[in-house]
Structures are given as structure tokens and as C-alpha cells.
J.: 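Questions regarding the structure given below will be posed in turn.
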Amino acid sequence: MDAEKLSQRWFLAAVTYFVVGIGFGVYMGASGDHAMFTVHAHINLLGWASMGLTGLLYRSFPAAALTRLAAWHFWLYQVAVPVMLFAVAAIYSGNKDAEPVAGAASVVVFVSVLLFWWAIFSARNDKAAIKRP
Ligand code: HEM
Ligand code: HEM
């Protein structure tokens, strides 16, 4: 996919996680119940911060955005992160059964980040695509 379009997709997801993440933070602050702070932290860090940075990187390495790796990275990450966050929230609510789900989802997140690394490194010397008009 075109780098501009792909980075915008990442930004749309990032800004959505930002709203949810700080909404959760405000709720925790207002209620005084910080039990789920780690879920809040990872909504903001895996969502807002990492997705926003990812969008910026694809703009710097536009050739990477054109690869199939980039598409796999996007979808695996977008599916696995919310699954992992809900599973971690379930664990913190006392549901131990969610542990394998959180574990499996975290491995998928990791795999998607490996694909990201691969996409960026495989395209890093594609100067023709990197050159902006
Ligand atoms: C209006 C915005 C926000 C509010 C009201 C808020 C609120 C909170 C609260 C109440 C805690 C729990 C503190 C504790 O019990 O130790 C917390 C923890 C945390 N928040 Fe936020 N937060 C906000 C935005 C953010 C953003 C934007 C990020 C990241 C980009 C973030 C990252 C974290 C992290 C990493 C922790 C865990 C800190 C630790 O390890 O003690 N928060 N936040
Ligand atoms: C698949 C991805 C990730 C997994 C499985 C993961 C897992 C964990 C675990 C198990 C903890 C300890 C929680 C506890 O003390 O109960 C933790 C804490 C933390 N992680 Fe992550 N993490 C991931 C991604 C990230 C990313 C991308 C960032 C930053 C950009 C980050 C920042 C932090 C911070 C600041 C803490 C301390 C605050 C907290 O406990 O929530 N993590 N993470």
C-alpha cells in the first residue's frame, strides 16, 4: 500500500487508542481504582505511542509500506493488540483462564513487530521509492 495511506491507517488507529487510553486514565484517577493501570499503560504505549511511531516510520521508509510484510504487520498487530489487552484486563479481574490467550496474543504482537523490522530493513536501500517528489 502507498506509504501515505498506510501511515494514515496507523495514525487513525493510534488516535483512537489515545482517546481510549487517556479516557481510561481519567477514569482511574477519578475513581481512585488503579488496579488496571497496566492495561491503561499498554493501551497508551502499544496503541497511541507505538502505533503513532509506526505511522511515522512508514513515511520515512515508503518502500517498506509497499511490501506484503507491511500489510501482514498491520493486520496481525491490529488484531492481536486488542485481544491481548482484553485478556490482560480479564486476568486482572481474576479470570486466570485468559492467561493463555494473553500469552498467545503477545507472541502474535511480537511476530508482527518482527515483520515490521523485516519490512523496514528490506526496504532501507530502496532510494528511488524513498525519494520524495
Ligand atoms: C489524561 C491522561 C492520563 C491520565 C489521567 C492517566 C492516569 C494514570 C493513572 C491514574 C495511573 C496509575 C498510577 C499508579 O497507580 O501508579 C497511570 C499509570 C500509567 N500511565 Fe497514565 N494517564 C494518562 C495518560 C497516559 C499516557 C498518554 C501514557 C503513555 C503514552 C500513560 C502511561 C502510563 C504508564 C506507563 C503508567 C504506569 C506507570 C507505572 O509504572 O507506575 N498515561 N496513568
Ligand atoms: C507484546 C508486547 C508487550 C508485552 C507482552 C508486555 C508485557 C509487560 C509486562 C508483563 C509488564 C509487567 C506488568 C506488571 O508489572 O504486572 C509490562 C510492564 C510495562 N511495559 Fe510492557 N509489554 C509489551 C509492550 C510494551 C511496549 C511497546 C511498551 C512501551 C512503548 C511497554 C512499556 C511498559 C511499561 C512502561 C511497563 C511498566 C508499567 C506497567 O506495569 O504497566 N510495554 N509489560
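Both counts, for ligands and for their atoms, begin at 1 and track the order of listing. Model, not experiment: these values are computed from the prediction.
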J.: For the backbone of Leu76 and the side chain of Ser112, can you confirm whether one donor and one acceptor N or O come within less than 3.5 Å of each other?
T.: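 Not at all, since once roles are kept as given, no pair shorter than 3.5 Å links the two residues.
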J.: If you have a sec, work out which protein heavy atom is nearest atom 1 (C) of ligand 2 and how many Å separate them, to one decimal?
T.: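 Scanning the protein heavy atoms, the shortest distance from atom 1 (C) of ligand 2 goes to Val109 CG1, 3.6 Å.
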J.: Run the side-chain hydrogen bond (donor to acceptor under 3.5 Å, both in side chains) test on His42 and Tyr17 for me, step by step, so that the C-alpha distance in whole Å, both residues' side-chain angles and the decisive distance to 0.1 Å come before the verdict.
T.: CA-CA 10 Å; His42 288 82; Tyr17 275 85; over 6 Å; no
J.: For atom 5 (C) of ligand 2, what is the closest protein heavy atom, and at what distance to 0.1 Å?
T.: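 Checked against all protein heavy atoms, atom 5 (C) of ligand 2 sits closest to Ser106 CB, 3.6 Å.
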J.: Specify whether the nearest protein heavy atom to atom 12 (C) of ligand 2 is under 4.0 angstrom away.
T.: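 Protein heavy atom within 4.0 Å of atom 12 (C) of ligand 2: absent.
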J.: Under 4.0 Å and counting heavy atoms only, is there anything from the protein next to atom 22 (N) of ligand 2?
T.: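 When distances to the protein are checked, atom 22 (N) of ligand 2 has a heavy atom within 4.0 Å.
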J.: Out of all atoms in ligand 2, which are within 4.0 Å of some heavy atom of Ala41? Include the element for each.
T.: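 With Ala41 as reference, the close atoms of ligand 2 come out as 41 (O).
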J.: Take the angle between the ring planes of Tyr58 and Phe116 and call it parallel below 30°, perpendicular above 60°, tilted in between.
T.: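 If you compare the ring of Tyr58 with that of Phe116, the planes turn out tilted.
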J.: Any idea which protein heavy atom is nearest atom 41 (O) of ligand 2, and the distance to it?
T.: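 The closest heavy atom on the protein side is Thr38 OG1, 2.5 Å.
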J.: Can you confirm whether Phe86 is buried at CZ, in the sense that more than 12 heavy atoms of other residues, nucleotides or ligands lie under 6.0 Å from that atom?
T.: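 No.
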J.: Tell me which protein heavy atom sits closest to atom 34 (C) of ligand 2, plus the residue, atom name and distance to 0.1 Å.
T.: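 Atom 34 (C) of ligand 2 sits closest to the protein heavy atom Leu45 CD1, 4.1 Å.
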J.: Applying the 4.5 Å side-chain criterion to the ILVMFWY set and letting contacts propagate, would Val20 and Val88 be lumped into a single cluster?
T.: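 Per the 4.5 Å side-chain linkage, Val20 and Val88 are co-clustered.
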J.: Tell me the protein heavy atom at minimum distance from atom 4 (C) of ligand 2, and give that distance in Å.
T.: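 Nearest protein contact, heavy atoms only, for atom 4 (C) of ligand 2 is Met84 CE, 4.0 Å.
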J.: Do the ring planes of Phe24 and Tyr27 sit parallel (below 30°), tilted (30 to 60°) or perpendicular (above 60°)?
T.: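 Tilted: the ring planes of Phe24 and Tyr27 meet at 30° to 60°.
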J.: Counting only non-hydrogen atoms of the protein, does one fall under 4.0 Å from atom 16 (O) of ligand 1?
T.: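 So far as the 4.0 Å threshold goes, atom 16 (O) of ligand 1 is out of reach of every protein heavy atom.
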J.: Mind checking whether Ser50 has an N or O less than 3.5 Å away from an N or O of ligand 2?
T.: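 By distance alone, the answer is no.
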J.: Any heavy-atom pair between the side chains of Arg59 and Trp10 that's under 4.5 Å?
T.: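 No, every pair of side-chain atoms sits at 4.5 Å or beyond.
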J.: Distance to 0.1 Å, residue and atom name: give those for the protein heavy atom nearest to atom 25 (C) of ligand 2.
T.: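 Protein heavy atom at minimum distance: His42 CD2, 3.7 Å.
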J.: Quick check on atom 39 (C) of ligand 2 - does any protein heavy atom sit closer than 4.0 Å to it?
T.: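 Under 4.0 Å from atom 39 (C) of ligand 2, at least one protein heavy atom found.
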J.: Consider only side-chain heavy atoms of I, L, V, M, F, W and Y, link residues closer than 4.5 Å, and tell whether Trp75 and Leu6 are in one cluster.
T.: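 In one cluster: yes.
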J.: Are any of the N/O atoms on His34, whether in the backbone or the side chain, positioned under 3.5 angstrom from an N/O atom of ligand 1?
T.: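 N/O-N/O distance below 3.5 Å exists for this pair.
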J.: Between Asp33, Val26, Asn44, which one has a non-hydrogen atom sitting closest to atom 26 (C) of ligand 1?
T.: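 Residue with the shortest heavy-atom distance to the ligand atom: Asn44.
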J.: Output yes when a protein non-hydrogen atom is found under 4.0 Å of atom 32 (C) of ligand 2, and no otherwise.
T.: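 Yes, at least one protein heavy atom sits under 4.0 Å from atom 32 (C) of ligand 2.
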J.: Considering only heavy atoms, which of Leu46, Ile22, Val39 lies nearest to atom 24 (C) of ligand 1?
T.: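 Shortest heavy-atom distance from atom 24 (C) of ligand 1: Ile22.
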J.: Report yes or no: does a heavy atom of Tyr92 sit under 4.0 Å from some atom of ligand 2?
T.: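 Within the 4.0 Å threshold, so yes.
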J.: Looking only at protein heavy atoms, which one is nearest to atom 20 (N) of ligand 1, and what is the separation?
T.: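 In this structure, atom 20 (N) of ligand 1 has His40 NE2, 2.9 Å as its nearest protein heavy atom.
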